[in-house]
Amino acid sequence: RRQRQMCIRDRNKEQFESAKNKIIGIKRNRNGIGTLSEKTVHAILKNYYEPDEDYHEIPVNGYVADIYRDGNIIEIQTANFNKLRNKLDVFLNDYQVTVVYPMPYIKWLSWLDEETGYIGPKRKSPKKGNPYEAFYQLYKIKSYLTNPNIRIKIVMMNMEEIRLLNGWSKDKKKGSSRFDRIPIEIVEEIDLYSLEDYMQMVPIELAETFCSKDYAKASHLSIGMAQTALNILTYTGTVKRIGKRGNEILYNINENV
């Protein structure tokens, strides 16, 4: 029950390529990265999950939904989940809302010189993305996660990140700003559509009884983030607190979920 489906079907790959080409385009691929009114990850995913633009940016009860179709809303949130709260307060009363959260899996980094427009060669980051890090954002909307109308979709993507050479260090990289992220492919989609689905966020390596240190080791999170994750998983009923061992809180997986 705790294993995730790691593959993306061919049909979905074709749909993603179509959305990517629509936003980036052949000219943009040849002539470099231009500026868009909307960041590229957001724009591509909006077209991936709803190719028909007639359903994009629809006013709903005083707010604008990224996608609205047949009573269902999709919100694509690349960061700052706290900004979703006002929308969720309104949308969840009447509609099913899917919050899509894109995260980098394998990332290539390149640098843009604003003065010349030159983009340097790509360098592959040694660090791979970790879907458990999504708990940092999910905590910001924790009180909404048990609402039957909300669904979370974590999208792990290989992507190129372009940063501006505007930092404070000598090489202008430390303290720099991110300019854009260009998706290359979707690696994994993790659907948290029901409370039962949060079992996917419990590493299968964990023993029957475990503490936050055990969760941190299995999920490759810091202790602080592991505690945040377990706070949410306790809230969703995925795990339960069963006592303490010294100062450590002990948890069991709730197999009745």
(message) With side chain to side chain contact (heavy atoms under 4.5 Å, CB included) as the test, pick out the partner of Tyr251 among Val202, Thr234, Thr209.
(response) Thr234
Test your reading of the model: is there a side-chain donor-acceptor pair from [X] to the backbone of [Y], 3.5 Å cut-off?
X	Y	result
Lys20	Tyr48	no
Asn47	Lys22	no
Glu75	Asp66	yes
Asp197	Tyr193	yes
Asn61	Val90	no

(request) Would you mind checking if Lys217 and Glu205 are paired as a salt bridge, meaning a charged N to carboxylate O distance below 4.0 Å? (result) no
(request) Look at Glu161 together with Arg123 and state whether they make a salt bridge at an N to O cut-off of under 4.0 Å. (result) no
(message) For Ser222, give me all partners under side-chain hydrogen bond (donor to acceptor under 3.5 Å, both in side chains), at least two apart in sequence or on another chain.
(response) none
Any side-chain donor near an acceptor of the partner, [X] and [Y], under 3.5 Å:
X	Y	result
Asn252	Lys240	no
Gln96	Asn149	no
Lys140	Asn80	no

(message) Please evaluate residues Glu133 and Lys127 with respect to the criterion salt bridge (charged side-chain N to carboxylate O under 4.0 Å, His left out), reporting the C-alpha separation (whole Å), side-chain torsions for both, the decisive distance (0.1 Å), and the verdict.
(response) CA-CA 13 Å; Glu133 292 177 355; Lys127 182 183 177 183; 3.7 Å; yes
(request) Would you please name every residue forming a ring-ring contact (aromatic ring centres under 6.0 Å, His included) with Tyr68, sequence neighbours left out? (result) Tyr95
(request) Could you pull out all residues at least two apart from Tyr101 that satisfy ring-ring contact (aromatic ring centres under 6.0 Å, His included)? (result) Phe81
(request) Could I get the full list of salt bridge (Lys or Arg N to Asp or Glu O under 4.0 Å) partners for Asp191, not counting sequence neighbours? (result) Lys153
(message) Lys213: which residues meet the salt bridge (Lys or Arg N to Asp or Glu O under 4.0 Å) condition with it, sequence neighbours left out?
(response) Glu248
(message) Taking side chain to side chain contact (heavy atoms under 4.5 Å, CB included) as the definition, give me every residue that meets it alongside Tyr55, ordered by chain and number, with sequence neighbours left out.
(response) Glu50, Asp52, Arg69
(message) Quick check for you: to the nearest 0.5 Å, what is the distance between Gln200 atom CD and Thr238 atom OG1?
(response) 10.5 Å
(message) Under the criterion side-chain contact (heavy atoms from CB on, under 4.5 Å), I'd like the reasoning laid out for Leu109 against Ser125: C-alpha separation, chi angles, the key distance, then a yes or no.
(response) CA-CA 7 Å; Leu109 185 65; Ser125 171; 5.8 Å; no
